[in-house]
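Remarks on the structure that follows.
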Amino acid sequence: VGFGNVARRFVRLLDERQDVVRRRYGIDWRVIGIATRRHGCLVDPAGIDAGLACDVVVDRGGSLAAGPMSRTARPCADAQEVIAAAHALGPPRGVVLETTTLNVVDGEPAASHVRAALEAGFDVVSANKGPVACAYDELCAVADRTGRTFRFEGAVMDGVPIFNLVRETLPAVEVIGFRGVVNSTTNYILCEMERGVPFAVALAEMQAQGIAEADASLDVDGWDAAAKTAALVNVLMGGCLRPAGVARTGVAALTPDAARRPLAQGQRLRLVASARRGPEGIVASVSPVTVPLSDPLAQLEGMANALILETDLLGEVAIVQRDGGLTQTAYALLTDLLSLRR
Ligand SMILES: NC(=O)c1ccc[n+]([C@@H]2O[C@H](COP(=O)([O-])OP(=O)(O)OC[C@H]3O[C@@H](n4cnc5c(N)ncnc54)[C@H](OP(=O)(O)O)[C@@H]3O)[C@@H](O)[C@H]2O)c1
């Protein structure tokens, strides 16, 4: 569900890693349904040629439903119909990959896609932070009731493990708070502005690479980072926070001069996402902050991200992703798929 930059990179990665996926994990797969918003939706029990689907959507800008995908393909009206039709086929073990556009207000329609897929008996893997930021508790309850699994490693910091790291390797540790740089587009823009590159030029580069959100104001106004902050609070700290509950200032009003000025004082400007549990509950914010050069967050170049977890037993645990991007996000979908298999 969603066949944009991330999903298309994912289907290619599955092919590139097919030996490992088949041999080591014993997974044989078929793509039996694809849903998009403007490029058609279809289901095919015999399996869809995902490479051809990529060509139809990207190169020809055409509709999957009208394209010659296969003789047995059936067009559908929307994502919900694709999920229902795929369910009716009764696959032995189905997974819905949710990679539609981010909505920071209520996580829709992605949250409804996740809910419908879990209800239909599919496990769900998503790179979309909207449902985790806006409907996490409710979706976990649906997954519990239906005995299915909802995984979303790619929702924060692309491919490096955050959610899976804490879930799998830090039992009995309490995350008291965190701070980090979690939005690649704005970190790239701040680094470029330090070098005197205008804001608009740096942003256009991130859009050209498919890294910026479809609506880039979500990045530059801090909404993407706020959604990730809410997701981290909900999953790692057991909170119930929505993106609107995160105090937020973006980078849109900053100039190259403002980005360069802290360098003279041995500091750098970073868009920092943070949360901490205090006596009044969890307080979270996203804002441009000057950090000393010795801070790990100051050392992040370009699209790099980092998250520093503050824990009760281990003190600070820092996770750095130096190279973020589409391959890393697609890899997060793959890791979730493989952990479902395990
Ligand atoms: N790009 C990254 O580096 C990155 C990294 C981490 C996480 N993410 C997250 O991954 C998700 C996908 O990102 P992307 O870069 O692949 O976005 P994208 O290129 O804009 O693709 C979004 C896809 O979702 C489809 N879509 C939107 N609304 C839909 C609906 N109601 N029903 C069915 N399909 C719908 C779009 O269809 P049409 O094309 O027909 O409109 C498109 O195929 C986003 O939630 C993003 O926040 C992205």
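Indexing begins at 1, ligand by ligand and atom by atom, following the structure's order.
- Side-chain atoms of Ser184 and Asn305, non-hydrogen and from C-beta on, do get closer than 4.5 Å to each other.
- Within the 4.0 Å heavy-atom criterion, both parts of Ala127, backbone and side chain, lie near ligand 1.
- Screening Arg195, Arg268, Arg270 for a salt bridge (Lys or Arg N to Asp or Glu O under 4.0 Å) involving Glu301 leaves a single residue, Arg268.
- Side-chain contact between Cys191 and Met193 is absent, with no heavy-atom pair separated by less than 4.5 Å.
- The shortest N or O to N or O distance between Val6 and ligand 1 is under 3.5 Å.
- Those atoms of ligand 1 that come under 4.0 Å of a heavy atom in Phe3, given as number and element, are 23 (C), 42 (C), 43 (O).
- Other residues, nucleotides and ligands place more than 12 heavy atoms under 6.0 Å from the CZ atom of Arg22.
- With a 4.0 Å heavy-atom cut-off, ligand 1 is reached by the side chain of Leu326 but not by its N, CA, C or O.
- Distance check for atom 15 (O) of ligand 1: a protein heavy atom is found below 4.0 Å.
- The number of heavy atoms from other shown groups lying within 6.0 Å of CG (Asp323) does not exceed 12.
- Ligand 1 has a nitrogen or oxygen under 3.5 angstrom from a nitrogen or oxygen of Gly4.
- Within a 6.0 Å radius of OH in Tyr331, no more than 12 heavy atoms belonging to other residues, nucleotides or ligands are found.
- For ligand 1 and Gly154, the ligand atoms under 4.0 Å from any heavy atom of the residue are 6 (C), 7 (C).
- Checked against the 6.0 Å centroid criterion, the rings of Phe150 and Phe122 do not qualify as a close aromatic pair.
- Ranking protein heavy atoms by distance to atom 11 (C) of ligand 1, first place goes to Thr100 O, 3.4 Å.
- Between Pro109 and ligand 1, not a single N/O pair is under 3.5 Å apart.
- Within the 4.0 Å heavy-atom shell around ligand 1 one finds Lys129.
- Taking a cutoff of 4.0 Å between a charged side-chain nitrogen and a carboxylate oxygen, Glu98 and Arg151 do not qualify as a salt bridge.
- No N or O atom of Asp224 sits closer than 3.5 Å to an N or O atom of ligand 1.
- Taking a 6.0 Å sphere around CZ of Arg17, one finds it holds 12 or fewer heavy atoms contributed by other residues, nucleotides or ligands.
- In this structure, the protein non-hydrogen atom closest to atom 29 (C) of ligand 1 is Arg37 CB, 3.6 Å.
- At a heavy-atom cutoff of 4.0 Å, ligand 1 is contacted by both the backbone and the side chain of Thr36.
- When heavy-atom distances to ligand 1 are checked against a 4.0 Å cut-off, Asp158 comes that close only through its side chain, counted from C-beta outward.
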